[in-house]
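Just below is one structure, and these are the notes that go with it.
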Amino acid sequence: MSIIKKICLTVGLLGIVCVLKAQNDIRSWYQILNENDDKSAVISEWNTTFEFEKQANQMMPRVIKTDVCKIIPLCGRQLTRTYFTNSHKALQKYKIVSSKGNRRVKPVIGDQKDTDIFQTDGQYYLFSLNVTENDQYVEFKIVTVYDDIRFFTREIIPDNQFFVKNRSVNVIKPNWLKLNIGSYNFEQVKVQKSDSISVNGNHIIRYKFDHISSPIQCDYSPSAPHEVPHLFFSAEAYQQEETQWEPILKTTQDLYLWYKEMLGNSDLNSKSFASVLPEILKNKRSKQDSVRSIFYWVQDNIRYIAFEKGIDGFRPQSADLVFKNKYGDCKGMANLLKAMLNTAGFDARLCWLGTRDLPYTYSTSSIAVDNHMICTLIDKEDKIYLDATERFVRLGDCGERIQSKEVLIEDGQSFIIDTIEADGMLANRKNYNLKLGLKEKSLKGEMSFEYVGESQRRFFQFMSTQKVEDQEKTIINLLNNKVSCEIDSIHPLPIEFERDTNFVMQSRVLKSNALLKIGDEVYLGISDLTPYFNPYIDTLKCNKLCFNQTINENVKVDFEIPEELNLKSLPKSITVQFNDVSFKAGFDSSNGRVSYFSQLQIPNRIFTAKELSNLLDLLKQQKKYRSQKIVFETKL
């Protein structure tokens with residue numbers, strides 16, 4: 001055999017070996033992926049390093065983040081990576097390298113926005129490149145810089161798309177910086193933490209994670225901060241000179257004073273609304289009526305939009321501008337509400353808080369603790385929280401998303417920390433009451449349904465988007481999708497979106513062919529005539545679960561036993577309960593009548609993975625009980 005043939009044969013065999021090895025490598029990757037993991041690529045190594053630098057002119061220290069992410073393509077397709085920036089976080093440089101060498105990829109740069117109205121300081125850098133199975137890896141090297149350490153708050157551990165085999169986060173903390181590092185949701189990951197001191201005296205904190213799947217979102221997943229593993233950073237102070245320490249956000253007072261600095265005097269202008277305020281307050285004889293009128297006017301006349309421009313969303317628009325534009329974000333609406341109430345002679349103040357989407361408290365001084373602003377009316381010892389972004393909320397109530405949360409209230413150069421009380425189960429409910437008659441084989445009668453609290457607010461918010469002439473059709477469709485009967489003649493219509501009374505409506509109900517006769521026995525089901533809570537929960541995806549609204553549904557059904565039938569048996573009552581969740585239902589008979597009741601109560605909180613099986617069992621038993629039948633026998 002000639003030398004050339006031997007060389008060709010050797011090259012060919014090497015090629016086959018390489019292909020087989022590549023196939024085995026891909027196969028080995030597939031074997032460690034979970035069912036819900038993206039199968040197009042995996043991240044084999046992902047290293048993130050944070051370093052800190054002082055700046056001149058007593059500016060806050062800056063943070064340099066170096067991200068090196070090595071991705072293994074498992075099939076030929078387009079590979080994309082997105083990096084986000086904002087007014088204090090800039091992408092400084094990038095380099096993309098593959099097994100074939102440097103790749104020239106120009107990112108697509110765009111503004112972060114969901115609609116034409118949503119505005120934010122944020123931008124995204126989208127890198128996209130075509131890969132094939134011959135690309136053994138693609139490595140992204142990205143350097144971003146926070147120009148102000150106060151805006152350096154979190155580092156998410158999983159990737160939002162791909163499985164990660166090895167992940168490391170290195171924090172190189174200099175001895176001139178006081179930095180706190182907290183961890184959230186680490187029970188879900190394998191982590192090794194180590195501390196060391198470098199030659200130049202820097203404190204190096206290393207976190208190593210193994211085998212991390214991307215977060216899976218189901219319909220009832222809690223917000224990411226409650227579920228996704230992440231590090232939380234809060235900088236207290238830095239040493240400007242050898243002995244002089246400058247505060248960053250060491251205490252809540254530091255945080256509050258920075259918030260006040262962001263406010264400036266933008267809430268003082270009342271010229272624009274001075275002409276409408278007398279009309280708003282016309283014929284209002286009490287303080288409460290005056291406050292209510294101003295609060296409802298802002299709800300009804302200022303459109304709430306997500307508007308996060310200006311120091312990452314911390315600087316509100318002036319009350320004057322919000323009034324003229326007739327729209328604003330939470331800060332702008334709170335600013336306008338405060339200005340109008342102050343002008344009317346009330347002690348109204350701005351306040352900051354984090355909604356239930358955030359697990360943090362003011363025990364940590366960080367701007368990440370807050371994502372919302374409202375207004376608080378101070379009346380002697382009483383505090384009335386006013387959130388104008390919650391349309392149709394009545395005076396004295398708050399949306400569930402801010403209940404039980406700490407609130408930071410302005411108080412001159414000091415502040416007040418308070419907690420917004422939760423309304424509780426009784427303040428949030430849906431009640432369905434049916435009075436029916438049995439004629440031939442059909443059940444027929446009246447149903448009243450009452451919505452209270454969060455249920456009423458959300459119903460009003462949805463119905464306000466519908467045309468007046470479509471209201472009856474919309475309500476019938478909502479109810480018919482959840483019951484096994486016909487509903488019509490909704491009244492009274494059109495809906496009056498009255499906040500200060502509980503919402504009650506009436507309708508006609510008809511269930512045809514309600515009776516099933518087998519021999520001398522007649523079967524009747526009445527427990528499935530009303531809507532009920534029946535969520536689809538994907539147990540493969542849900543790790544934690546939250547319904548984001550208190551579930552308190554109460555049903556009562558009452559009907560007269562026909563003369564031609566004798567009651568033979570009723571289903572037994574049922575009570576299913578665990579912790580603060582319960583389902584109760586049962587039947588009763590007296591004076592020739594049969595009644596049915598049911599009550600389902602699920603609080604608005606996060607349910608852990610351990611509680612999911614109990615919750616699913618309760619919902620399963622609820623569904624099963626609704627199929628129970630009353631048994632009659634025909635009279636001889």
Side-chain angles (χ1 to χ4, degrees), residues 219-223 226 292 295-296 298-300 304 330 333-334 353-358 371-376 383-407 419-433 448-466 471 474-475 478-479 481-482 495-505 530-535 537 545-555 580-583 598-607 615 619 622:
D219 290 340
Y220 302 104
S221 292
S223 61
H226 281 286
R292 178 184 291 108
F295 183 39
Y296 292 176
V298 176
Q299 284 186 48
D300 295 340
Y304 170 58
C330 62
M333 295 181 75
L353 72 158
T355 64
R356 289 189 177 186
D357 286 341
L358 300 179
N371 64 351
H372 194 42
M373 280 187 73
I374 62 174
C375 180
T376 299
K383 302 181 186 69
I384 302 174
Y385 298 107
L386 307 172
D387 185 357
T389 68
E390 288 280 0
R391 198 172 178 213
F392 300 117
V393 66
R394 69 180 64 175
L395 181 66
D397 288 354
C398 293
E400 286 195 41
R401 64 179 179 143
I402 65 173
Q403 292 176 22
S404 302
K405 294 295 294 184
E406 285 184 340
V407 59
T419 301
I420 299 174
E421 292 185 3
D423 286 345
M425 193 66 68
L426 292 177
N428 299 277
R429 62 187 185 272
K430 293 180 180 178
N431 297 328
Y432 300 94
N433 292 281
S448 68
F449 48 100
E450 177 186 38
Y451 294 162
V452 180
E454 190 79 4
S455 297
Q456 174 177 300
R457 290 193 290 274
R458 295 194 179 200
F459 181 77
F460 279 178
Q461 288 166 1
F462 173 72
M463 292 304 300
S464 67
T465 65
Q466 308 297 307
Q471 285 185 354
T474 299
I475 296 173
L478 286 174
L479 296 176
N481 286 335
K482 299 181 179 181
I495 294 174
E496 297 291 336
F497 298 103
E498 177 54 54
R499 301 166 180 80
D500 295 311
T501 58
N502 295 342
F503 173 73
V504 182
M505 298 201 80
T530 55
Y532 76 109
F533 188 63
N534 184 30
I537 300 174
L545 182 145
C546 180
F547 295 120
N548 293 322
Q549 181 181 352
T550 295
I551 308 301
N552 183 7
E553 300 199 346
N554 303 275
V555 174
D580 49 3
V581 183
S582 67
F583 171 67
S598 69
Q599 180 187 71
L600 175 67
Q601 294 187 337
I602 305 176
N604 182 356
R605 66 174 178 84
I606 295 174
F607 292 89
L615 181 62
L619 293 173
Q622 175 206 207

Exercise. Quick one: does Gln299's side chain have a donor or acceptor within less than 3.5 Å of a partner on Val393's backbone?
Worked result: yes
Exercise. Where do Asn502 and Arg429 land on the side-chain contact (heavy atoms from CB on, under 4.5 Å) test, with the steps shown first?
Worked result: CA-CA 10 Å; Asn502 295 342; Arg429 62 187 185 272; 4.1 Å; yes
For this session: Determine the minimum heavy-atom distance between Glu553 and Tyr532, stating which atoms define it.
Result: OE1-CA, 3.5 Å
Problem set entry | Over all atoms of both residues, closest heavy-atom pair of Pro531 and Leu479 | CG-CD2, 3.7 Å
Exercise. Looking only at side chains, do Asn428 and Gln549 share a donor and an acceptor under 3.5 Å apart?
Worked result: no
Problem set entry | Taking every non-hydrogen atom, the tightest pair across Cys330 and Tyr304 | N-CE1, 3.5 Å
For this session: Write down the atom of Ile495, the atom of Gln471, and the distance for their closest heavy-atom approach.
Result: N-OE1, 2.8 Å
Problem set entry | Flag side-chain contact, heavy atom, 4.5 Å: Met463 against Ile475 | yes
Problem set entry | Within-4.5 Å side-chain heavy-atom neighbours: Val298 and Leu386 | no
Problem set entry | From CG (Asp397) to CG (Asp387), nearest 0.5 Å | 11.5 Å
Exercise. So, Arg457 side chain and Cys398 main chain: donor-acceptor pair closer than 3.5 Å or not?
Worked result: yes
Exercise. Can you check side-chain contact (heavy atoms from CB on, under 4.5 Å) on Tyr296 and Leu395, steps first, answer last?
Worked result: CA-CA 8 Å; Tyr296 292 176; Leu395 181 66; 4.0 Å; yes
For this session: Hey, could you give me the OH/CD distance between Tyr385 and Gln403, rounded to the nearest 0.5 Å?
Result: 12.5 Å
Seminar exercise, completed: The reported gap from CD1 in Ile602 to CZ in Phe547 (rounded to nearest 0.5 angstrom) is 5.0 Å
Exercise. Where the side chain of Arg394 meets the backbone of Arg499, is there a donor-acceptor pair that is under 3.5 Å apart?
Worked result: yes
Seminar exercise, completed: Interatomic distance, CZ@Phe460 vs OH@Tyr451, rounded to 0.5 Å, equals 11.0 Å
Problem set entry | Ser464 versus Arg391, closest heavy-atom pair with distance | OG-NH1, 3.6 Å
Problem set entry | Nearest heavy-atom neighbours spanning Asn371 and Thr355 | OD1-N, 2.8 Å
Exercise. Would you say the side chain of Phe295 lies within less than 4.5 Å of the side chain of Ile384, judging by non-hydrogen atoms?
Worked result: no
Problem set entry | Criterion side-chain contact (heavy atoms from CB on, under 4.5 Å) on Lys405 and His372, from CA distance to verdict | CA-CA 11 Å; Lys405 294 295 294 184; His372 194 42; over 6 Å; no
Problem set entry | Candidate list Glu454, Gln456, Gln461, test side-chain hydrogen bond (donor to acceptor under 3.5 Å, both in side chains), partner Arg458, passing option | Glu454
Exercise. Do Asp580 and Arg605 sit within salt-bridge range, that is, some charged N less than 4.0 Å from a carboxylate O?
Worked result: yes
Seminar exercise, completed: So CG of Leu600 and OG of Ser582: to nearest 0.5 Å the spacing works out to 7.0 Å
Exercise. With a 4.5 Å heavy-atom cut-off, do Ile420 and Ile374 have their side chains touching?
Worked result: yes
For this session: Find out whether Arg356 and Asn604 are in side-chain contact, i.e. whether some heavy atom of one side chain is under 4.5 Å from a heavy atom of the other.
Result: yes
Exercise. With distance as the sole criterion, is a donor-acceptor pair present between the side chains of Thr550 and Glu400 under 3.5 Å?
Worked result: yes
Exercise. Is there a side-chain contact between Glu390 and Ile402 (heavy atoms, below 4.5 Å)?
Worked result: no
Exercise. Hey, what's the ring geometry for Phe503 with Phe459, parallel, tilted or perpendicular (30° and 60° as the breaks)?
Worked result: tilted
Exercise. Do the non-hydrogen side-chain atoms of Leu358 and Ser223 ever get within less than 4.5 Å of each other?
Worked result: no
